[in-house]
Amino acid sequence: QVQLVESGGGLVQAGGSLRLSCAASGRTFSNYDMGWFRQAPGKEREFVAAINWIGSSTYYATSVKGRFTIFRDNAKNTLYLQMNSLKPDDTALYYCAARPTYYSGSYYYRSDYDYWGQGTQVTVSS
């Protein structure tokens, strides 16, 4: 089992930037594809971005493409989400998630992932 701990959230003005981190432990980090999801109050948890085990393939929700960048450092067992040009609509609790790299499903749904962190809050003021 892999344990995930997010950090880096906070309060930022619209147009600002934040970098989220997700530290993994317990299993070999490079054996997992990784994703970021977010959940705003009263809304469903939604896909934000995903990356394959080696970082050669990335996937983004339309709403964040061009503003957010997902990347990973397997030597540090850490996943990142660089968020630029933040908007009030980006306000949410952000979760990282992991699934074994041998899984052949999509990257876009909660059910595609086996392990989740507790989340880090991002608040964007207008």
Side-chain angles (χ1 to χ4, degrees):
Q1 186 170 349
V2 60
Q3 289 79 44
L4 304 172
V5 179
E6 302 94 337
S7 61
L11 174 63
V12 63
Q13 289 188 332
S17 298
L18 281 175
R19 178 179 290 185
L20 306 184
S21 299
C22 173
S25 62
R27 292 289 177 91
T28 303
F29 183 59
S30 58
N31 287 345
Y32 294 86
D33 300 327
M34 301 294 296
W36 286 100
F37 285 71
R38 66 187 182 187
Q39 188 166 15
K43 295 188 177 181
E44 295 290 319
R45 193 172 301 187
E46 65 175 4
F47 170 78
V48 174
I51 189 167
N52 71 341
W53 68 280
I54 200 172
S56 59
S57 297
T58 57
Y59 310 85
Y60 295 94
T62 302
S63 59
V64 307
K65 200 166 188 178
R67 300 188 298 122
F68 291 10
T69 302
I70 187 172
F71 59 103
R72 63 192 294 164
D73 186 337
N74 285 348
K76 294 183 177 180
N77 295 337
T78 304
L79 172 74
Y80 301 95
L81 184 69
Q82 178 66 42
M83 305 186 296
N84 299 329
S85 303
L86 283 160
K87 305 174 182 179
D89 284 349
D90 295 318
T91 295
L93 190 59
Y94 282 71
Y95 298 90
C96 68
R99 62 112 182 269
T101 193
Y102 57 75
Y103 180 71
S104 60
S106 82
Y107 287 90
Y108 304 108
Y109 303 102
R110 290 181 64 174
S111 58
D112 292 324
Y113 297 84
D114 296 325
Y115 306 104
W116 294 83
Q118 294 301 305
T120 185
Q121 178 68 39
V122 172
T123 304
V124 184
S125 63
S126 56

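Fair warning: this is a prediction, and the values are worked out from it, not measured in the lab.
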- Query: Can any side-chain N or O of E6 pair as donor or acceptor with the backbone N or O of C22 at less than 3.5 Å?
  - Reply: no
- Note on the structure: Here the gap from Q1 atom CD to D114 atom CG, rounded to the nearest 0.5 Å, amounts to 9.5 Å
- Message: Please verify the inter-ring angle class for Y59 with Y107; under 30° counts as parallel, over 60° as perpendicular, anything in between as tilted.
- Response: parallel
- Check each of Y94, F47, Y108 against F37 using the ring pair (Phe, Tyr, Trp, His ring centres under 6.0 Å) test, and report the only one that passes. F47
- Message: Please check: side-chain N/O of W53 versus main-chain N/O of P100, any donor-acceptor pairing under 3.5 Å?
- Response: no
- Task: Decide yes or no on side chain to side chain donor-acceptor pair (under 3.5 Å) for N31 and T101, but give the supporting numbers first.
- Result: CA-CA 6 Å; N31 287 345; T101 193; over 6 Å; no
- Query: Are the side chain of T91 and the backbone N or O of V124 linked by a donor-acceptor pair below 3.5 Å?
  - Reply: yes
- Do D73 and T78 get their side chains close enough for a donor-acceptor pair, meaning under 3.5 Å? no
- Contact summary for R110 and W116, nearest pair of heavy atoms: O-CZ2, 3.6 Å
- Verdict with supporting geometry, L4 and Y95, side chain to side chain contact (heavy atoms under 4.5 Å, CB included): CA-CA 9 Å; L4 304 172; Y95 298 90; over 6 Å; no
- Query: Sub-3.5 Å donor-acceptor pair from the side chain of D112 to the main-chain atoms of G105, do we have one?
  - Reply: no
- Side-chain (R67) to main-chain (S85) donor-acceptor, under 3.5 angstrom: yes
- Item | Common cluster, V64/Y80, ILVMFWY with side-chain heavy-atom separation under 4.5 Å | no
- Item | R27 charged N/C atom sitting above Y32 aromatic ring, 6.0 Å / 45° | no
- Query: Do M83 and V122 have side chains that get closer than 4.5 Å, going by heavy atoms?
  - Reply: yes
- Message: Quick one about Y113 and R99 (side-chain donor to acceptor, distance below 3.5 Å, no hydrogens or angles considered), yes or no?
- Response: no
